[in-house]
Amino acid sequence: YEYNKYRYNIDAIEYKVITGGNDVVREYFFRGALDVFYLIIPQEWANTQNNSAITNGYIDRYYYFYVPNEGLSGVFLNTKAFPFNNKDVRIGLYYALNMQKMIDTVLRGEYSRYHNIGIGHVFAGIAFDDDTIRYPNFDSTKASEYFEKAGFNKIGSDGIRQNEKGQRLAFELLYSSPNHTERLTVLKEEAKKTGLEINLKLMQSGAFSLVREKKFQAWWGSMTTDLYPDYLEYFHSSNANIAQTNNFFGYGSKEMDMLLDAFRNEKNLEKKADLTKQIQRLVHKEALIVPNYYVPYVRIAAWKWIRFPVWLSFKYWNDFADPVFNGY
């Protein structure tokens, strides 16, 4: 087949693992040992613009926009753990986490604010995501109203709210990537304005095990998705009290179970899409997660011998640069 020539008739593929993170990969690339280097992180894109191999024309940089296929991403809240066993605290977090300032500063305004638990789920021409859902911007007054409604109406000497029992409005935020520390520090400092304390806990290994065992308060993370989402594993009550399941939230309700069960049994795609949107609206109403951001582009640097087409852009697809999966 003419258009599959040199793509799928490979005799053998040899995999080599590069350890040490992005800094090591970058060195390999600029030595010419790698063909392609991803520049998704804003700082990486900025740092490469004055590299001599780029300014001298040996390396091209490509910038393509597309609609990503995203699942759950942001701050996951354990509803069985203090203080998130109170719904008003969870809603207050919508206003207390200044996601937009984090995007505008640390991420140079290049990422986009995420307002749902799904984006880019378009299958057979049917859209499965409710794009009308909008999470509020940072508002210390509104956050304070919800925190006070939850009983945290006293301000301690350290500026952090307390309830009548003397319990402080504070939680531990678990995360796994060191390069996210700067991002989360912005959220931590902004949250202090509302009387909320966030304690950052970096765990480069083992964090996800704690999340699946529900031994956490909040987790900064993300989950993959499919062509259209199936949320039963995340929100059905049958998984709410069982360790090592993907219902990290410890959440369950009759309303949610009915929607999830109906989705699994429904064969009509348009009706499944409508059920998906109802589930997404209920997650928003119950404040189970505070979405963070999504990346609306793919950026890569490639040595001149690669030559990606300048017109190469697909609305819902970014895997064209992968050398193995659908690579050119």
Side-chain angles (χ1 to χ4, degrees), residues 1 3-4 8 65-80 87 90 112-135 208 211-212 214 219 221-296 298 313-320 322 324-326:
Y1 294 97
Y3 295 104
N4 284 342
Y8 301 115
F65 285 89
Y66 75 112
V67 179
N69 185 225
E70 294 277 349
L72 283 73
S73 180
V75 180
F76 293 65
L77 306 177
N78 184 353
T79 64
K80 296 293 177 66
K87 183 178 175 180
R90 301 199 303 270
S112 295
R113 179 79 187 275
Y114 200 11
H115 287 282
N116 201 353
I117 56 172
I119 188 174
H121 294 112
V122 178
F123 182 70
I126 299 170
F128 280 73
D129 299 313
D130 185 348
D131 295 328
T132 66
I133 296 174
R134 283 294 176 270
Y135 283 73
F208 192 58
V211 173
R212 280 176 57 83
K214 302 176 181 61
W219 173 55
S222 61
M223 298 297 289
T224 58
T225 188
D226 213 328
L227 293 174
Y228 61 81
D230 184 346
Y231 294 120
L232 187 143
E233 61 180 318
Y234 297 114
F235 306 117
H236 202 280
S237 61
S238 60
N239 289 331
N241 299 307
I242 303 175
Q244 296 302 321
T245 67
N246 283 353
N247 187 337
F248 319 119
F249 314 92
Y251 169 82
S253 72
K254 289 183 178 180
E255 183 181 3
M256 180 65 83
D257 286 354
M258 288 176 61
L259 291 170
L260 294 168
D261 293 337
F263 176 89
R264 277 289 176 96
N265 296 323
E266 182 58 60
K267 304 301 181 184
N268 181 280
L269 283 178
E270 291 183 345
K271 292 180 180 179
K272 288 177 83 74
D274 182 64
L275 288 165
T276 297
K277 294 172 184 177
Q278 291 183 57
I279 292 167
Q280 291 175 343
R281 289 193 289 269
L282 184 55
V283 169
H284 175 64
K285 177 184 175 184
E286 293 294 312
L288 304 179
I289 183 172
V290 185
N292 48 13
Y293 47 70
Y294 66 92
V295 183
V298 58
S313 184
F314 301 90
K315 185 173 182 179
Y316 295 109
W317 189 50
N318 75 326
D319 285 323
F320 60 83
D322 191 306
V324 177
F325 178 73
N326 288 329

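The chain is numbered in sequence order, starting from 1.
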Separation between OG1 (Thr245) and NZ (Lys214), nearest 0.5 Å, reads 3.0 Å
To the nearest 0.5 Å, what is the distance between CG on Leu260 and OH on Tyr231?
10.5 Å
Would you check, one step at a time, whether the test side-chain contact (heavy atoms from CB on, under 4.5 Å) holds for His284 with His115?
CA-CA 9 Å; His284 175 64; His115 287 282; over 6 Å; no
From Met223 CE over to Ile117 CD1, what is the distance, rounded to the nearest 0.5 angstrom?
12.5 Å
What pairs meet the salt bridge (Lys or Arg N to Asp or Glu O under 4.0 Å) rule with one or both residues in residues 256-265, with sequence neighbours excluded?
Asp230-Arg264
My understanding is that only residues two or more places apart in sequence, or in another chain, count here; which of them pass side chain to side chain contact (heavy atoms under 4.5 Å, CB included) with Ser222?
Ser73
Check whether any side-chain heavy atom of Leu288 lies under 4.5 Å from a side-chain heavy atom of Leu77, and answer yes or no.
no
Residues forming a salt bridge (charged side-chain N to carboxylate O under 4.0 Å, His left out) with Lys80, sequence neighbours excluded:
none
Sub-6.0 Å ring centroid separation between Tyr234 and Phe249:
no
Quick one: CD on Gln280 to CZ on Phe235, what's the gap to the nearest 0.5 Å?
9.0 Å
Closest non-hydrogen atom pair between Asp226 and Asn69, with its separation:
O-OD1, 3.1 Å
Are side-chain N/O atoms of His121 and Thr225 paired as donor and acceptor at under 3.5 Å?
yes
Can you tell me how the ring of Phe208 sits relative to the ring of Phe248, calling it parallel under 30°, perpendicular over 60° and tilted otherwise?
perpendicular
Tell me the salt bridge (Lys or Arg N to Asp or Glu O under 4.0 Å) pairs involving residues 267-276, sequence neighbours left out?
none
Pro229 side chain reached by Thr276 side chain, heavy atoms, under 4.5 Å:
yes
Atom pair OG (Ser112) and CD1 (Ile119), whose distance is rounded to the nearest 0.5 Å:
8.0 Å
d(Asn116 CG, Ile133 CD1) to nearest 0.5 Å is 4.0 Å
His236 vs Met256 side-chain heavy atoms within contact, under 4.5 Å
no
Can you name the residues that form a side chain to side chain contact (heavy atoms under 4.5 Å, CB included) with Phe123, not counting sequence neighbours?
Phe128, Leu227, Tyr228, Leu269
Does anything in residues 113-134 form a salt bridge (Lys or Arg N to Asp or Glu O under 4.0 Å)? List the pairs, not counting sequence neighbours.
Asp130-Arg281
Give the minimum heavy-atom separation between Ile126 and Ala273, together with the two atoms involved.
CG2-CB, 3.6 Å
